[in-house]
Amino acid sequence: MDNKLQVANALATVLKDQLSVADIQNKIEMPKTSDLGDLAFPTFMLAKALRKAPQQIAADIVAEIDQTGFEKVVATGPYVNFFLDKKLVGANILHEILTDGAAYGNNTDGEMRNVPIDMSSPNIAKPMSMGHLRSTVIGNALANILVKNGYNPVKINHLGDWGTQFGKLMVAYKMWGSEAEVKADPINTLVGYYVRFHEEAKANPELDDQGRAWFKKLEDGDVEAQQLWKWFRDESLQEFLNIYDQLEITFDSFNGEAFYNDKMDEVVNLLEDKGLLVESQGAQIVDLEKYNLPVAMIKRTDGATLYMTRDLAAAMYRKREYDFDKSFYVVGGEQREHFQQLKAVLKEAGLAWADDIEHIPFGLITVDGKKLSTRSGRIILLQDVLDDAVKLANEQINDKNPDLANKEQVAKEVGVGAVIFHDLQNERMNSFDFNLAEVVRFEGDTGPYVQYSNARANSILRKAGNPDLVNAELSLTDAAAWDTLKLLGEFPATVRRALNDREPSVIAKYALHLSRAYNKYYANSKILVEDNEKDARLALVQAVSIVLTESLRLLGVHAPKEM
RNA sequence: GUCGGGCUAGCUCAGCUGGAUAGAGCAACAGUCUUCUAAACUGUAGGUCAUGGGUUCGAAUCCCAUGCUCGACACCA
């Protein structure tokens, strides 16, 4: 950052015989607490060359360095600590945020290149669980973060609308089902059939064969199978759309697995031409021994296709359709090997862009330490969680702010926001055991805490008459505001890091830190008092609101102005 | 068995490319609402960073080994 460069340049004039500006810049770090300064340079690595103690070196540097432009430069033990000019730096940050508004932190790194994101992808005829929430909200946040970094994301809901499970479902429906029952409560009824199928198949493995046979019929265009499939799919999609509506998440494409039915010959032919397709135990496979991976199965013994076949077709279609820069797959970590295989097969086929395919895995949500599973009935319905959260938010509002206008709307934004934020605040790969009380908490490190911080900031701005402060005097000498100002200045770098790490949690944690710093400031400083820094304080409040609102937006969470 | 993830305070987790006394939240205890929304703020207490080696001026962070745990391992997705 600019400040870092300023420090590095100042140091370079003293250390030009030892280190380059780039080297110095690399070594500069941020002290743990701001009473040690804003940026620090450790001198350990110069000890050998200069044959002096690090403490002495730090003291010597301070004696020689030009301190112009800094509040002060001091030696603390083996460190040279730099204190920035708070008035100047703070005013610059505030001015930039007030000028840019929601565009603060935008960059053009992506040069508008396409990045399809395979996300959400629920299975037809199964309810949406907490597990699908992860892929959905991580994918959505990454899409927002991509836009912020100048990319053009394409949100693809790769619906699980094809595969052997439909054969099984059809067998179950024909044995135990009724049309009226399904129509009354589609997904719950269908999933009931599915669970029963698996129970009965344990004692009667012949059912599995029947399931596979019906899937084969479906692939071969059997009329009854196709009608059933379409019916199950339509009913399911309606329920999914309802949930996406509540989450306010939209997609650019609903091309699921079935979409690739007529695009798989291309894959099979390509693999055949390259001599990669071999027969093994009656099935068609690609050997991946040289990648130290298990074989990729392309066609079953009965000729039906598999997940891998459809994913290969999808990858090729997306390359052709979007000419992507990167192709993201927000899919659970347990499928890691599948994506390694996918890339390996494409690579073997001579497609260099295979390297641009990126699996973005996430950890498991468990119940009582065990993996969720539709088959076993161990499942947490997303709708139930959302309902609970909104209900609780409603109670909270009636308790704390009963006169609030738009109560229903705000309760939705807070309740749903809490659930989304909870899923995004920790590192993707972390697994967590589901705990409703934890998910719908509104205190401490939570989404509502961030929302509340923003709502209070807006309350002050309202009281001040929402002044336009872009051209006001924005110098702030109040030391209590400094931590907040510094954090505000770090937002653009945070936006970049979130994308580089493919980690929405980077944004979530930033929002929590900024909220905490601001709340601390706000609790101890009076904003609305008439003195010559009132505009600057209000500008700080406004900047906090802008950046918190934008952070939440990136995560897919609303920032109500009142709550 | 092979491969991968995890192991930091009672619980849930931070800790950026190795650096200054290891930080938050929850829970516990003690405070703060006649003053900009107490969904907040302040303080107290709480840690052999799984274990054992190694590299380094310096390791929670890098390397090796061990343990525990979760997950994946061709006709499911």
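Because the structure is predicted, anything quoted here is derived from the model rather than measured. Here is how names work: the chains are called A, B, and so on, in the same order as the sequence lines, proteins then strands, and each is numbered from 1.
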*Given the side-chain rings of A/H338 and A/Y329, with only the six-membered ring counted for Trp, is the space between their centroids under 6.0 Å?*
no

*Taking A/W229 for the side chain and A/D161 for the main chain, is one N or O donor matched with an acceptor at less than 3.5 Å?*
yes

*Give A/A40 one of three labels, base, sugar-phosphate or nothing, depending on what nucleic acid heavy atoms sit under 4.0 Å from its own.*
base

*Would you mind classifying the nucleic acid contact of A/E337 as base, sugar-phosphate or nothing, using non-hydrogen atoms under 4.0 angstrom?*
sugar-phosphate

*Choosing from B/A77, B/U42, B/C57, which nucleotide comes nearest the side chain of A/K520?*
B/U42

*Look through every strand shown and name the nucleotide pairing with B/G71 as Watson-Crick or G-U wobble, where both distances are under 3.5 Å.*
B/C3

*Inter- and intrachain pairs under salt bridge (Lys or Arg N to Asp or Glu O under 4.0 Å), touching residues 287-298 of chain A, at least two apart*: A/K290-A/E348

*asked:* Considering every strand and a 4.0 Å limit on heavy-atom distances, what is the contact class for A/A47: base, sugar-phosphate, or nothing?
replied: nothing

*Hey, does A/N81 reach any base, or is it just sugar-phosphate, or nothing, if we go heavy atoms under 4.0 Å?*
base

*When you compare B/C70 with B/G53, how far apart are their C1' atoms, in angstrom units rounded to a whole number?*
27 Å

*Give A/A464 one of three labels, base, sugar-phosphate or nothing, depending on what nucleic acid heavy atoms sit under 4.0 Å from its own.*
nothing

*Looking only at atom P, what distance separates B/A20 and B/G6, rounded to whole Å?*
23 Å

*Base, sugar-phosphate alone, or nothing: which one does A/E29 contact when heavy atoms must sit under 4.0 Å apart?*
base

*Heavy atoms under 4.0 Å, any strand shown: does A/L306 hit a base, just sugar-phosphate, or nothing?*
sugar-phosphate

*Tell me which nucleotide among B/G4, B/A39, B/A72 gets nearest to the side chain of A/Q396.*
B/A39

*asked:* Regarding A/R516, tell me which of base, sugar-phosphate or nothing describes its non-hydrogen contacts under 4.0 Å with the strands shown.
replied: sugar-phosphate

_The test is side-chain hydrogen bond (donor to acceptor under 3.5 Å, both in side chains); show your working for A/S459 and A/E562 and say whether it passes._
CA-CA 7 Å; A/S459 174; A/E562 280 182 79; over 6 Å; no

*For A/L364, report the nucleic acid contact type (base, sugar-phosphate, nothing); a contact means any heavy atom under 4.0 Å.*
sugar-phosphate

*Just checking A/N430: base, sugar-phosphate only, or nothing, at a heavy-atom cut-off of under 4.0 Å?*
sugar-phosphate

*So what's B/G58 paired with, Watson-Crick or G-U wobble, going by both distances under 3.5 Å?*
none

_Closest listed nucleotide, where the reference is the side chain of A/F44 and the choices are B/C73, B/C57, B/A39_ = B/C57

Is there any protein nitrogen or oxygen under 3.5 Å from a nitrogen or oxygen in nucleotides 32-36 of chain B, and what are the pairs?
| from | atom 1 | to | atom 2 | distance (Å) |
| --- | --- | --- | --- | --- |
| B/U35 | O2' | A/K526 | NZ | 3.0 |
| B/C36 | O3' | A/K463 | NZ | 3.0 |
| B/C36 | O2 | A/L528 | N | 3.4 |
| B/C36 | N3 | A/I527 | N | 3.1 |
| B/C36 | N4 | A/Y522 | O | 3.0 |
| B/C36 | N4 | A/S525 | O | 2.2 |

*Check whether the side chains of A/Y307 and A/Q335 place a donor and an acceptor atom closer than 3.5 Å, and report yes or no.*
yes

*Side chain of A/Q165 - closest among B/A39, B/C76, B/C13*: B/C76

*If you check every side-chain atom of A/V295, which of B/C57, B/A20, B/A74 has the closest atom?*
B/A74

*Using atom types as modelled and distance alone, determine if a side-chain donor or acceptor of A/R134 lies under 3.5 Å from a backbone N or O of A/D423.*
yes

*Among the nucleotides B/G25, B/G15, B/C75, which one has an atom lying closest to any side-chain atom of A/E427?*
B/G15

*For B/A27, which nucleotide in any strand shown is its Watson-Crick or wobble partner with both distances under 3.5 Å?*
none

*Would you indicate which nucleotide in B/A72, B/A77, B/A39 comes nearest to any side-chain atom of A/K400?*
B/A39

*For B/U21, take OP1 and OP2 only and decide whether either is under 4.0 Å from a side-chain N or O of A/K32.*
no

*Could you work out which one of B/A72, B/U37, B/G4 sits closest to the side chain of A/R336?*
B/G4

*Identify whether any heavy atom of A/T164 sits under 4.0 Å from a base atom; if not, whether one sits that close to sugar-phosphate; answer base, sugar-phosphate or nothing.*
sugar-phosphate

*Counting Watson-Crick and G-U wobble pairs only, both distances under 3.5 Å, name the nucleotide matched with B/A45, or none.*
none

*asked:* Base, sugar-phosphate or nothing for A/S453? Non-hydrogen atoms, less than 4.0 Å.
replied: nothing

*With a 4.0 Å cut-off on heavy atoms, is A/Y449 in touch with a base, just the backbone sugar-phosphate, or nothing at all?*
sugar-phosphate

*Would you mind pulling out the nucleotide paired to B/C33, Watson-Crick or G-U wobble, both distances under 3.5 Å?*
none

*Between A/F442 and A/Y449, is the gap from one ring center to the other below 6.0 Å?*
no

*Is there a donor and acceptor pair closer than 3.5 Å between the side chain of A/S431 and the base of B/C70?*
no

_Return the pairing partner of B/A65 with a 3.5 Å limit on both distances, Watson-Crick or G-U wobble; otherwise return none._
B/U51

*Rounded to whole angstroms, how far apart are OH on A/Y452 and P on B/A39?*
4 Å

Produce the list of close N/O pairs, under 3.5 Å, pairing protein atoms with atoms of nucleotides 8-11 of chain B; give distances to one decimal.
none

*Name the orientation of the base relative to the sugar in B/C33: syn if the glycosidic angle is within 90° of 0, else anti.*
syn

_Quick one: does any side-chain atom of A/N149 pair with a main-chain N or O of A/V495 as donor and acceptor, under 3.5 Å?_
yes

*Between A/R441 (CZ) and B/G25 (C1'), how many Å, whole number?*
6 Å

*asked:* Within the 4.0 Å heavy-atom criterion, would you say A/P54 contacts the bases, only the backbone, or no part of the nucleic acid?
replied: nothing

*Does the side chain of A/D38 reach to within under 4.5 Å of the side chain of A/P31, using non-hydrogen atoms?*
no

*asked:* Rounding to an integer number of angstrom, what distance separates B/G23 and B/C49 when you compare their C1' atoms?
replied: 12 Å

_Strictly below 4.0 Å: does A/Y307 bring a side-chain N or O up to OP1 or OP2 of B/A77?_
no

*Nucleotide B/A72, atom P - distance to CG of A/L342 in whole Å*: 19 Å

